[in-house]
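Inspection log for the structure reproduced underneath, given as structure tokens.
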Amino acid sequence: MQQARQATDIEHDAHKQNSVKHDTLFDKPFTTPLDKVARFSFDEQVVACFPDMIRRSVPGYGQVLAMLPIFARRHCKYRQQNNDGQRVSRIYDLGCSLGGATMALAGEFAAQDLQIKAIDISPAMTSEAATLLKDNYPQHDIEVITADIRDIELEPCDMVILNLTLQFLPTEDRVAVLKKIYNALTEGGILVLTEKTHAIDEQYDAWLVERYYDFKRANGYSEMEISGKRNALENVLITDTLDQHHERLSQVGFARHLTWFQFLNFVSVVGFK
Ligand code: GEK
């Protein structure tokens, strides 16, 4: 197996997505006053600029992806079997979008080691993800599935990635999805849950949110783009507090879970089965 690569390489990998547009002023959502009221959806327009958008608008996106294969190497112990009866580690990438997390993993493991199931509800995302993954990792056992993660059954698995996905589910559906993940994980397996959060304390929250907008400004977003995205995501992306995430993980059965990453209001938590 190759050495773990740097976050920047993985980011680059996640953005091997050559045909993707730059999320610049003229070719993306949220740039005209009318777009400001558009409700956010993962359609073709978003897919076209998605890699650029997520990298510039999610603090630590590349670093989180870079750690996934490092975690996988420690916790994925070839506990499952593929259709040919070979031992593999089965990993779910839930809400995979264009497959950034799947690519980060595939790039660090030999093709025969992993079986990855990448699932997203948006056909625009899965169709592009399937092409990108096939082009970049033709030998790997990667299945891209268009489905609602609330409806699917999960096979026994070693690792589940929920990278910025749970936040898009109605809050009342989150426990059931996490419970299903807990049940599917085999002993020793892990869940990696990355989310945007909010803080209960208004002053802390305001500081985090303001610095987050500064982060976006520093990455070239205009005021109109920032406020347009904020409006579009209202009632679509519903954040929890970090405490709520930990409470929920306990509630569904994870005896141990810890916050391993935090960058402004974005956190990543690992749950151990
Ligand atoms: C990455 N993980 O690049 N079922 C399946 N997918 C869903 C559902 C659902 N019910 N609801 C939303 N999605 C990725 C980034 S993006 C994060 C994840 C963001 C999908 C939705 O279609 C979108 O592709 C993804 O969740 C969220 O590592 O855009 O901020």
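Remember, it's 1-based here, ligands and their atoms both numbered in the order they're listed. What you see below is based on every heavy atom in this structure, not just the backbone, and it leaves out hydrogens, waters and symmetry mates. Values in this document were obtained by computation on a predicted structure and should not be read as measured data. All residue numbers refer to positions in the sequence shown, counting from 1.
- A cation-pi geometry, defined here as NZ or CZ lying under 6.0 Å from the six-membered ring centre and within 45° of its normal, holds between Arg256 and Phe272.
- A donor-acceptor contact under 3.5 angstrom links the side chains of Thr194 and Asn163, judged on distance only.
- For Gly95, a nitrogen or oxygen atom sits less than 3.5 Å from a nitrogen or oxygen atom of ligand 1, counting backbone and side chain alike.
- Here the CD atom belonging to Gln115 is positioned 7.5 Å from the OH atom belonging to Tyr92, to the nearest 0.5 angstrom.
- Of the N and O atoms on the side chains of His246 and Thr259, at least one donor lies less than 3.5 Å from an acceptor on the other residue.
- Residue-level proximity to ligand 1 for Ile119 is absent, since no heavy atom of it falls below 4.0 angstrom.
- The closest non-hydrogen atom to atom 18 (C) of ligand 1, taken over Ser97, Ala124, Ala101, comes from Ser97.
- Per-residue contacts place Met125 under 4.0 angstrom from the following atoms of ligand 1 (heavy atoms of the residue considered): 24 (O).
- Within ligand 1, counting atoms from 1 as listed, the ones closer than 4.0 Å to a heavy atom of Ser122 are 22 (O).
- Per-residue contacts place Leu164 under 4.0 angstrom from the following atoms of ligand 1 (heavy atoms of the residue considered): 16 (S), 17 (C), 18 (C), 27 (C).
- Glu223 has a carboxylate O that lies under 4.0 Å from a charged side-chain N of Arg217, or vice versa, which qualifies the two as a salt bridge.
- Close approach to Ala147 involves these atoms of ligand 1, each under 4.0 Å from a residue heavy atom: 4 (N), 5 (C).
- If you number the atoms of ligand 1 from 1 as listed, the ones under 4.0 Å from a heavy atom of Asp148 come out as 4 (N), 9 (C), 10 (N).
- In this view, Ala206 satisfies the side-chain contact (heavy atoms from CB on, under 4.5 Å) rule with no residue, not counting sequence neighbours.
- The ring of Tyr61 has its center no closer than 6.0 angstrom to the ring center of Phe266.
- Tyr204 meets the side-chain contact (heavy atoms from CB on, under 4.5 Å) test with Ala199, Asp201; sequence neighbours excluded.
- Shown in contact with Asn163 at under 4.0 Å from a heavy atom are these atoms of ligand 1, numbered in order with element: 1 (C), 2 (N), 14 (C), 15 (C), 18 (C), 28 (O).
- Some N or O of Ile121 is nearer than 3.5 Å to an N or O of ligand 1, by distance alone.
- No hydrogens or angles considered: a donor-acceptor pair under 3.5 Å links the side chains of Thr186 and Gln80.
- Under the 4.0 angstrom criterion for non-hydrogen atoms, Gly99 is not in contact with ligand 1.
- Annotation: Asp93 places no N or O atom under 3.5 Å from an N or O atom of ligand 1; distance criterion only.
- Listed by number with element, the atoms of ligand 1 under 4.0 angstrom from any heavy atom of Leu169 are 9 (C), 10 (N).
- Below 4.0 Å from some heavy atom of Phe168 lie the following atoms of ligand 1, by number and element: 12 (C), 17 (C), 19 (C), 27 (C), 30 (O).
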